[in-house]
Amino acid sequence: MKFSIFADFHYAPGSFDPDPEAKLEKLRYIQKRAEKENASFIIHAGDLCHAPSRYPELINLYNDFHIPSYHCLGNHDTDGTPLEEVLKLYRMEDVQYYFDCEGYRFIVFDPNYSLINGEYVHFDMGNYYKTPDERDWIPPENIEWLRETIEASPYPCILVGHSSFERPDGVKNRKDVLKMINEVNAKRKHSVLMVISGHFHRDYIRLLDGVCHLDLNSASYDWISVAHDHFPEELRQKARSIGHMVIYNDPVHAIITLEGTTVTIDGMESSFFMGIGREHTAVPYLDPAGRECTPNVSSAKFTLL
């Protein structure tokens with residue numbers, strides 16, 4: 001079976017997007033490719049939009065496409081719209097859920113919690129900005145829900161969520177989740193085949209303890225903490241945060257084919273808008289995990305033994 005997946009689209013007219021219609025056309029590109037590839041569904045790994053209630057043109061385009069299109073919460077999806085409203089707009093029954101498709105179970109997990117004075121608080125209206133060192137946790141009961149959902153599945157599972165269990169700077173209690181995954185795979189081989197995440201805007205594939213961890217690149221850009229002035233003033237007037245970005249010309253994403261335990265990732269290559277890459281800015285070329293910013297999603301094929 002095939003599915004289409006992308007991450008970190010970051011629709012935010014006036015902030016990140018100088019031309020909203022051109023950004024919508026990038027979503028149509030993803031949809032047309034899914035159509036051409038006969039994908040069974042489309043799913044994003046979070047940060048589709050910074051304020052979904054303000055932009056029905058994006059939400060309706062995604063939700064109403066004839067190929068089933070699923071959502072996953074990122075840290076920014078609730079920045080400008082309350083969590084409960086986002087769940088309704090995204091047609092999500094809860095912050096985490098699952099669905100079965102053609103012999104596989106897809107489980108959406110949610111790492112968007114802060115741990116404050118022993119209490120897990122979900123991201124909502126940008127509250128996590130106040131406690132940056134306490135963010136990116138999964139509550140223990142949600143890990144247990146993951147375990148139960150995996151163990152109850154008659155099919156191999158693919159986990160999709162916004163932050164990484166593989167990166168050292170990913171989910172804070174990622175080791176607890178990795179331990180759980182190893183335990184369920186020890187009971188029944190290939191209970192978990194893949195974990196797909198976004199958030200870090202990097203292209204990286206790692207096989208860890210027999211599980212494929214796909215760090216999916218942003219479909220849009222990389223964030224630059226120290227603003228640059230390489231883009232024309234006209235664009236900076238239309239998108240106030242554009243100086244903090246290096247932008248990909250195309251919406252890089254993946255079509256993933258599953259055949260038993262064989263995984264085929266068909267990515268795509270793009271280029272940097274106006275040729276401005278991270279090396280042209282005042283920030284380090286590599287991120288804290290030592291990974292470079294590239295305008296592509298890699299292709300690969302492998303069988304999990």
Side-chain angles (χ1 to χ4, degrees), residues 4-31 33 44-52 54-55 58 61-62 72-77 79-80 126 129 162-164 167 169-170 196-204 214-254 267-289 291-298:
S4 168
I5 186 163
F6 66 99
D8 296 277
F9 192 74
H10 287 282
Y11 189 73
S15 180
F16 294 170
D17 303 316
D19 185 345
E21 179 53 38
K23 191 66 172 282
L24 292 175
E25 191 58 34
K26 290 185 175 182
L27 178 55
R28 294 187 187 100
Y29 180 100
I30 294 171
Q31 292 174 325
R33 186 181 179 208
H44 70 82
D47 283 357
L48 176 70
C49 181
H50 287 239
R54 299 179 203 166
Y55 304 114
L58 173 77
L61 176 62
Y62 187 75
C72 169
L73 292 179
N75 56 298
H76 289 298
D77 288 295
D79 276 0
Y129 286 110
H162 191 55
S163 192
S164 171
R167 284 178 63 111
D169 53 350
I196 307 173
S197 58
H199 185 54
F200 292 97
H201 298 214
R202 288 296 180 271
D203 172 51
Y204 195 80
L214 172 59
D215 194 356
L216 191 61
N217 203 349
S218 167
S220 298
Y221 72 95
D222 189 33
W223 180 258
I224 304 300
S225 58
V226 180
H228 64 82
D229 60 0
H230 296 303
F231 295 138
E233 179 64 24
E234 177 186 3
L235 292 181
R236 286 186 276 149
Q237 290 295 325
K238 292 180 179 179
R240 59 185 177 274
S241 296
I242 199 169
H244 283 282
M245 303 163 67
V246 292
I247 302 169
Y248 311 151
N249 282 316
D250 305 289
V252 295
H253 64 287
M268 58 179 287
E269 296 187 2
S270 183
S271 55
F272 286 112
F273 177 60
M274 297 185 65
I276 305 302
R278 195 173 172 95
E279 66 272 21
H280 299 105
T281 71
V283 300
Y285 179 65
L286 301 179
D287 75 357
R291 299 172 189 178
E292 63 179 333
C293 168
T294 56
N296 66 282
V297 169
S298 294

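Please read these numbers as outputs of a predicted model, since none were measured by experiment.
Side-chain contact, His50 with His10: a donor N or O sits under 3.5 Å from an acceptor N or O. Between the side chains of Ser163 and Ser197, no donor N or O sits under 3.5 Å from an acceptor N or O. Ser218 and Asp8 form no side-chain donor-acceptor contact under 3.5 Å, judged by distance and modelled atom types alone. Using modelled atom types, one finds a donor on one side chain and an acceptor on the other under 3.5 Å when comparing Ser298 with Asp203. With hydrogens and angles left out, the side-chain atoms of Asn75 and His162 include a donor and acceptor closer than 3.5 Å.
Looking at Asp222 and His244, their side chains never come closer than 4.5 Å, going by heavy atoms from C-beta outward. Inter-residue side-chain proximity for Tyr204 and Leu214 is flagged as unmet; no heavy-atom pair is nearer than 4.5 Å.
In this structure, Lys26 forms no cation-pi arrangement with Tyr248, as its terminal cationic atom is not both closer than 6.0 Å to the ring centre and no more than 45° off the ring axis.
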Does Lys238 form a salt bridge (Lys or Arg N to Asp or Glu O under 4.0 Å) with Glu233? I'd like the steps, not just the answer. CA-CA 9 Å; Lys238 292 180 179 179; Glu233 179 64 24; over 6 Å; no
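Ring geometry for Phe231 against Phe273 counts as tilted: the plane angle lies between 30° and 60°, on a 0 to 90° scale. The aromatic rings of Phe6 and His44 sit tilted relative to each other, their planes meeting at an angle between 30° and 60°. Ring orientation note: the planes of His76 and Tyr129 are tilted relative to one another, at an angle of 30° to 60°.
Arg291 approaches Asp215 most closely through the heavy-atom pair NH1-OD2, 3.4 Å.
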